[in-house]
Amino acid sequence: MAEVASVLFGREDVRRRVAELGRTITGDYVGREPVFVTVLKGGAMFLADLMRAVDLPVEPHFMAISRYGDAEESLGRVRILLDVDVDLAGRDVVLVEDIVDTGLTSRYLLSVLGSRGAASVELCALLDKTVRRIVPLRPRYVGFECPDAFVVGYGLDFQERYRNLPDILQVHDLTALRANPDLLLALALPAA
Ligand code: IMP
Ligand code: MG
């Protein structure tokens with residue numbers, strides 16, 4: 001039987017790359033106190049690790065959204081269920097995303113954040129699935145270029161499962177996973 005999923009970026013790759021991003025951001029924002037805004041729930045793991053890799057006073061803030069249908073149908077418009085509780089006027093905002101796929105969600109959130117008088121708004125994405133991009137959007141900071149595949153782990157879910165996997169897995173057989181969403185729970189994955 002073909003493999004259902006395999007490790008795409010192991011926990012060590014993730015740790016190293018997040019540390020590098022943290023150093024880059026530290027250099028770029030020296031003397032400033034950036035506001036990191038992330039979107040629950042997928043971005044929570046990345047934010048938690050990234051902010052500890054940044055050697056500056058960083059404020060974490062969270063948003064929660066719900067999509068109207070899928071991103072493409074809704075043109076990226078989302079309903080904001082939880083909003084940041086800080087005045088963004090004059091602040092340097094970094095939108096911290098787990099993954100940018102079509103780009104519709106990030107573009108919408110960047111425009112919302114930008115409309116609040118922030119001094120700057122940048123996008124930091126752990127994974128950048130550029131081949132699926134619908135809107136021209138290039139994150140300032142990217143952890144890894146992501147192939148055109150469904151991925152889970154390190155915050156990313158399939159039907160709310162697998163967010164707690166320390167590695168990022170690429171799903172090869174999405175049909176099998178749809179048929180049994182718990183399939184990967186039973187998989188004995190090698191530690192990466
Ligand atoms: P976009 O608006 O198409 O860029 O959608 C981005 C959102 O879709 C992400 O924040 C994820 O919640 C979800 N998403 C996109 N690709 C994947 C994937 O491969 N695995 C899990 N979630 C994904
Ligand atoms: Mg999801």
Side-chain angles (χ1 to χ4, degrees), residues 18 21 25 33-51 54 58-146 148-165 168-171 174 177-178 181-182 184:
V18 171
L21 285 174
I25 291 172
E33 301 188 3
V35 176
F36 281 12
V37 176
T38 204
V39 184
L40 295 173
K41 295 168 260 195
M45 325 287 153
F46 180 38
L47 176 84
D49 287 341
L50 181 66
M51 66 179 291
V54 171
V58 172
E59 261 180 61
H61 287 276
F62 297 91
M63 295 181 79
I65 59 175
S66 78
R67 293 191 177 76
Y68 302 106
D70 68 25
E72 288 157 54
E73 292 167 35
S74 68
L75 298 173
R77 272 191 310 267
V78 299
R79 196 149 60 94
I80 295 174
L81 304 175
L82 172 72
D83 207 340
V84 295
D85 57 357
V86 65
D87 181 6
L88 296 179
R91 302 298 305 268
D92 294 295
V93 177
V94 181
L95 176 62
V96 175
E97 287 265 37
D98 48 2
I99 189 166
V100 179
D101 188 26
T102 64
L104 287 162
T105 311
S106 300
R107 183 183 62 177
Y108 178 77
L109 293 174
L110 288 170
S111 78
V112 167
L113 294 169
S115 71
R116 296 179 179 171
S120 66
V121 185
E122 296 289 353
L123 175 59
C124 174
L126 179 64
L127 300 174
D128 191 2
K129 236 191 238 182
T130 51
V131 290
R132 301 236 326 146
R133 197 63 33 86
I134 289 177
V135 298
L137 181 79
R138 288 185 52 205
R140 169 86 180 269
Y141 306 100
V142 172
F144 302 101
E145 173 74 29
C146 185
D148 185 10
F150 195 78
V151 293
V152 296
Y154 197 71
L156 292 150
D157 73 308
F158 176 75
Q159 296 181 8
E160 296 302 324
R161 294 157 176 85
Y162 311 118
R163 294 193 196 275
N164 62 325
L165 295 181
I168 297 171
L169 307 188
Q170 172 173 359
V171 177
L174 203 50
L177 189 60
R178 286 204 184 98
D182 290 326
L184 303 184

Gap between atom CD1 of I99 and atom CD of E97 - 0.5 Å precision: 10.0 Å
Backbone N/O of V96 and side chain of T38: donor-acceptor pair under 3.5 Å: yes
Heavy-atom pair of closest approach, residues Y108 and S111: O-OG, 2.8 Å
Distance-minimising heavy-atom pair for S66 and L81: CB-CD1, 3.9 Å
Student check: side-chain heavy atoms of E33 and R91 closer than 4.5 Å: yes
From L126, L123, T130, residue fulfilling side-chain contact (heavy atoms from CB on, under 4.5 Å) relative to P139: L123
Separation of L104 CG from R67 CZ (nearest 0.5 Å): 9.5 Å
Considering all heavy atoms, the nearest R116-V84 contact: NH1-CG2, 3.6 Å
Which atom of K129 lies closest to which atom of F150, heavy atoms considered: NZ-CA, 4.4 Å
Shortest non-hydrogen separation from Q159 to P181 and the atoms involved: OE1-CG, 3.4 Å
Derivation and outcome, side chain to side chain contact (heavy atoms under 4.5 Å, CB included), residues F36 and C124: CA-CA 9 Å; F36 281 12; C124 174; over 6 Å; no
Between CD on residue E122 and CG on residue L95, distance to nearest 0.5 Å: 10.5 Å
Sidechain-backbone polar pair: R133 side chain, D101 backbone, donor-acceptor under 3.5 Å: yes
Atom CZ of R138: over 12 foreign heavy atoms under 6.0 Å: no
Distance-minimising heavy-atom pair for L137 and G103: CD2-O, 3.6 Å
Qualifying residue for side-chain contact (heavy atoms from CB on, under 4.5 Å) with F144, from D128, V151, L127: L127
Derivation and outcome, side chain to side chain contact (heavy atoms under 4.5 Å, CB included), residues D98 and M45: CA-CA 9 Å; D98 48 2; M45 325 287 153; over 6 Å; no
Step-by-step side chain to side chain contact (heavy atoms under 4.5 Å, CB included) determination, M63 to I80: CA-CA 7 Å; M63 295 181 79; I80 295 174; 3.8 Å; yes
Point-to-point distance, once rounded to the nearest 0.5 Å, from CG of L184 to CG of L177: 5.0 Å
V58 side chain reached by V94 side chain, heavy atoms, under 4.5 Å: no
N/O donor-acceptor pair under 3.5 Å between R132 side chain and A149 backbone: no
Reported CZ-to-CD1 distance for the pair R107 and I134, which is rounded to 0.5 angstrom: 9.0 Å
Distance in Å, I25 CD1 paired with M51 CE, rounded so as to fall on 0.5 Å steps: 11.5 Å
Side chain to side chain contact (heavy atoms under 4.5 Å, CB included) between Y141 and L50, worked out: CA-CA 12 Å; Y141 306 100; L50 181 66; over 6 Å; no
pair L169-Y162: side-chain heavy atoms closer than 4.5 Å: no
